[in-house]
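Structure, as structure tokens:
No experiment lies behind these values; they were computed from the predicted model shown. Letters A, B, ... mirror the listed sequences (proteins, then strands); counts begin at 1.
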There are 2 protein chains.
Amino acid sequence: MGSEAIDNCLKAIYQLAGDDERATTAGLAEQLAISPASVTGMLKKLSESDPPWIEYQKHHGARLTDRGRARALEIIRHHRLIELFLHRVLDYSWDEVHVEAEKLEHAISETFEDRIAHVLGDPEFDPHGHPIPRRDGTLPDRADSDLIDMEPGTDAEVSRVSDHDPTMLQHLSSIGVRPGVRIHLLERRPFDGPLMLRVGDDRAVHAFGARLAGSIRIRDIRSTAA
Amino acid sequence: MGSEAIDNCLKAIYQLAGDDERATTAGLAEQLAISPASVTGMLKKLSESDPPWIEYQKHHGARLTDRGRARALEIIRHHRLIELFLHRVLDYSWDEVHVEAEKLEHAISETFEDRIAHVLGDPEFDPHGHPIPRRDGTLPDRADSDLIDMEPGTDAEVSRVSDHDPTMLQHLSSIGVRPGVRIHLLERRPFDGPLMLRVGDDRAVHAFGARLAGSIRIRDIRSTAA
DNA sequence: ACCTAAATTTAGGCACGCCTAAAAATGGGC
DNA sequence: GCCCATTTTTAGGCGTGCCTAAATTTAGGT
């Protein structure tokens, strides 16, 4: 019960559709990098397993059951704890952690999970700013919003960045963008043009295109306590 | 190239037959806990792979090629580094490490291997006293011999203990037997009877039957420098 | 309401890693 | 040197997880 393929599928449904929305066959095929036909087969299996991992209606996508959600969150907890562990304890760089965690998340025991959580001091966020699900399935919340929606002329703090593209992480790292860093949006160029912004105390102005900006979430600055 | 099943098979050949002896189909079936028929299929595949992992003659067992040996040693290096890491960094007990390492040895990257080796100070022996192969495929050597062959009336130091049975490890731990501990053999009871010996500074005398004694290796005491 | 394009499912196939049952090779005792 | 017990291999099968190609269903535009 709970092969790697199943775990990856549940995780993908959670990531695409969240707690109680439905994920589409095509979306899952893209996320998992397998054919739509293979996804259909997997969804059927997941919904017919006893007890079922998902609710599935043909042609209308899949929604996680309580059990499915619990499993997805467990895998995501593994993934994010491992990322933080690799970064803090084994000195992995920001962009190296994701690939390694993708394999290890399926291999570690609950004991391993507990031990690294303890060594790390029961952390709430991973190196990219993503919340680490708790063992009880709840998520630490940090109210944040898309960088795309930020008001020109205001300040904000980087909350999290997508971890899927290592080259993007390298680039962000090279210009100083990390969770916790303050940014100032100067202007938004017209016709969906780039966002012009400053990072931290750096005077340089950077242009963020849609791809890059879309991978970043921010939160309002608490206080400008210098 | 290099699935988990293949790695386990190469490791089993190395453990049963060593560098340049042949392992039998039956032996491998036992070690891997699969049927002899499945072993035959696996051996054929391993010998026909390009380049081959093993030399295989029907009805005459399998011998590792250079490539096969290198891979086996790499997996064993992973296993033993992980055992030591779990013990030292994540506070696993002696008897817990083997099972977890058995899964993780297949999941970690070369980077992970290097980082934990570095954190641990490039160790040469795992928590059970087994030598950790170096990256170049050489083995740290510690001349040791079977406890069974120890001379009554002499002292020795525990060199290594088998890690396959957690309950045996728990028992050994409870009476203080660990690599590095000094033991004194009082007598060997007749007709393959138990070995009567003292452990460390403990006055108690313990009886070691064949199974237990067979899982322990010792080395001559260097000097009785109190 | 229909018709078409897109999304999805069905059908059939393949590699892996295991199984059991039956056939064949080996080698030790006589 | 032959025979029999043991070991090993062959033959055929099963579940998983993926594939492609063809059939089907859905949903959007008119």
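The shortest side-chain heavy-atom distance between A:L81 and A:E113 falls under the 4.5 Å cut-off.
Under 4.0 angstrom from either OP1 or OP2 of C:dC19 there lies at least one side-chain N or O belonging to B:S35. Here A:T24 does not reach the OP1 or OP2 of C:dA7: none of its side-chain N or O atoms lies under 4.0 Å away. One finds a side-chain N or O of A:K58 lying less than 4.0 angstrom from the OP1 or OP2 phosphate oxygen of C:dT10. Residue B:T40 places at least one side-chain N or O under 4.0 Å from the OP1 or OP2 atom of D:dT9. Remark: B:K44 is in phosphate contact with D:dT10, judged by side-chain N or O atoms under 4.0 Å from OP1 or OP2. The phosphate of C:dC19 (OP1 or OP2) has a side-chain N or O of B:S38 nearer than 4.0 angstrom.
Out of D:dT8, D:dT16, C:dG27, the shortest distance to the side chain of B:A26 is found at D:dT8. Closest approach to the B:M42 side chain among C:dC16, C:dC18, C:dT26 is made by C:dC18 (side chain taken as heavy atoms from C-beta onward). In the set D:dT8, D:dA21, C:dG17, D:dA21 carries the atom at the smallest distance from any side-chain atom of A:A37.
Positionally, the nearest nucleotide of DNA chain D for B:Q57 lies more toward the 5' end than for the other of A:V39 and B:Q57.
Atom CD1 in B:I6 sits roughly 10 Å away from atom P in C:dC18 (whole-Å rounding). Per the geometry, CG belonging to A:L46 stands 11 Å off P belonging to D:dC18, to the nearest Å. Distance, B:Y56 OH to C:dA25 C1': 12 Å, rounded to whole Å. Per the geometry, CD1 belonging to B:I34 stands 13 Å off P belonging to D:dT8, to the nearest Å.
A salt bridge does not link A:R80 with A:E105: none of the charged nitrogens is closer than 4.0 Å to a carboxylate oxygen.
Of the N and O atoms on the side chains of A:E83 and A:H87, not one donor lies less than 3.5 Å from an acceptor on the other residue. A donor and an acceptor atom, one from each side chain of A:H106 and A:N8, are located under 3.5 Å apart.
Geometrically, A:R115 engages B:Y92 in a cation-pi contact, judged by NZ or CZ lying under 6.0 Å from the ring centre and within 45° of the ring axis.
Nucleic acid contact class of B:A5 (heavy atoms, under 4.0 Å, all strands): sugar-phosphate only.
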